[in-house]
Novice: 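I'd like to ask you about the structure that follows.
Here is how names work: the chains are called A, B, and so on, in the same order as the sequence lines, proteins then strands, and each is numbered from 1.
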Amino acid sequence: AQSVTQLDSQVPVFEEAPVELRCNYSSSVSVYLFWYVQYPNQGLQLLLKYLSGSTLVKGINGFEAEFNKSQTSFHLRKPSVHISDTAEYFCAVRGYGGATNKLIFGTGTLLAVQP
Amino acid sequence: KAGVTQTPRYLIKTRGQQVTLSCSPISGHRSVSWYQQTPGQGLQFLFEYFSETQRNKGNFPGRFSGRQFSNSRSEMNVSTLELGDSALYLCASSAWGTPNTGELFFGEGSRLTVL
């Protein structure tokens, strides 16, 4: 079984500042990792995913994340945020194999960008 | 390519009633999953279907049921509604088979309010 921990429920940041949203996971098997973003009154949109290979993954809207197997982390970063990045961000994990596409989600981090 | 379509987007019901939500997946996707999103519990997995068969089920009471049709469209039903069933119900579709990364594509959700 897998689990995901997003330690920060809310991250306030000023516009054009860098940001890091933290995600740690637990799994007894190798995993796929995902970051999704949810804007108000909308569904979830995939930002980026780690499947294998390079541990630094680049996604949409200037976001990137780094997979760290030893620390079981998959933190999301952006060097300079915009007001439009204000949204809730969810980290998710899925174990290799198994006849299921079920994702385990973290509790989410609300990124609040202030002018 | 059209995305995942969920209907209705908003609905209000009273306790004891039942509700049916519909989801049309992305063309070619044969797997459909349902998630319940609430402020208190976050994103909780309900069920997953592939080729009209339920492949996985979350920890919800029997009042929650679903099905998938031969055209991959899916419905979920909640009977004897309770106040705690108020939530955003998200449908997600995904491809199935090799390589299967489990990436989910979400609809905008059906927001259910139970009075």
Novice: Supply the atom-to-atom distance K57(B) NZ to K102(A) NZ, rounded to the nearest 0.5 angstrom.
Specialist: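 The NZ atom of K57(B) sits 11.0 Å away from the NZ atom of K102(A).
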Novice: Examine F90(A) and W35(A) and state if one hydrophobic cluster contains both, with Ile, Leu, Val, Met, Phe, Trp and Tyr joined whenever side-chain heavy atoms are less than 4.5 Å apart.
Specialist: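 No: no chain of side-chain contacts under 4.5 Å links F90(A) to W35(A).
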Novice: Answer yes or no: does atom CG of N71(B) have more than 12 heavy-atom neighbours from other residues, nucleotides or ligands under 6.0 Å?
Specialist: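 More than 12 heavy atoms, drawn from other residues, nucleotides or ligands, come within 6.0 Å of this atom.
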Novice: So for atom CZ, which belongs to R9(B), do other residues, nucleotides or ligands contribute more than 12 heavy atoms lying within a distance under 6.0 Å?
Specialist: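 Counting other residues, nucleotides and ligands, CZ of R9(B) exceeds 12 neighbours.
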Novice: To the nearest 0.5 Å, what is the distance between OH (Y36(A)) and CD (E103(B))?
Specialist: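 Nearest 0.5 Å value for the OH-CD distance: 5.5 Å.
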Novice: For K78(A), check salt bridge (charged side-chain N to carboxylate O under 4.0 Å, His left out) against everything at least two apart and list the hits.
Specialist: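 Partners of K78(A) under the salt bridge (charged side-chain N to carboxylate O under 4.0 Å, His left out) test: D85(A).
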Novice: My understanding is that only residues two or more places apart in sequence, or in another chain, count here; which of them pass side chain to side chain contact (heavy atoms under 4.5 Å, CB included) with S80(A)?
Specialist: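 Scan of S80(A) (side chain to side chain contact (heavy atoms under 4.5 Å, CB included), adjacent residues dropped) gives E16(A).
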Novice: Against chain A, label Y89(B) side chain, backbone, both or neither, depending on which of its atoms sit under 4.5 Å from a heavy atom there.
Specialist: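 When you check distances to chain A, no heavy atom of Y89(B) falls under 4.5 Å.
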Novice: If I measure from the heavy atoms of chain B, does Q38(A) come under 4.5 Å with its side chain, its backbone, both, or neither?
Specialist: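 Just its side chain gets close to chain B.
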Novice: Side chain, backbone, both or neither: which part of F47(B) has a heavy atom under 4.5 Å from chain A?
Specialist: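 Neither part, no heavy atoms under 4.5 Å.
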Novice: Does one hydrophobic cluster hold both I83(A) and L111(A), with members joined at side-chain heavy-atom distances below 4.5 Å?
Specialist: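 Yes; tracing contacts between hydrophobic side chains, which count when under 4.5 Å, links both residues.
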Novice: So what's closer than 4.5 Å to chain A heavy atoms on Q37(B): side chain, backbone, both or neither?
Specialist: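 Only the side chain of Q37(B) comes within 4.5 Å of chain A.
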Novice: Name the one of L46(A), L103(A), L44(A) that satisfies side-chain contact (heavy atoms from CB on, under 4.5 Å) with L104(B)?
Specialist: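 Single pass found, and it is L103(A).
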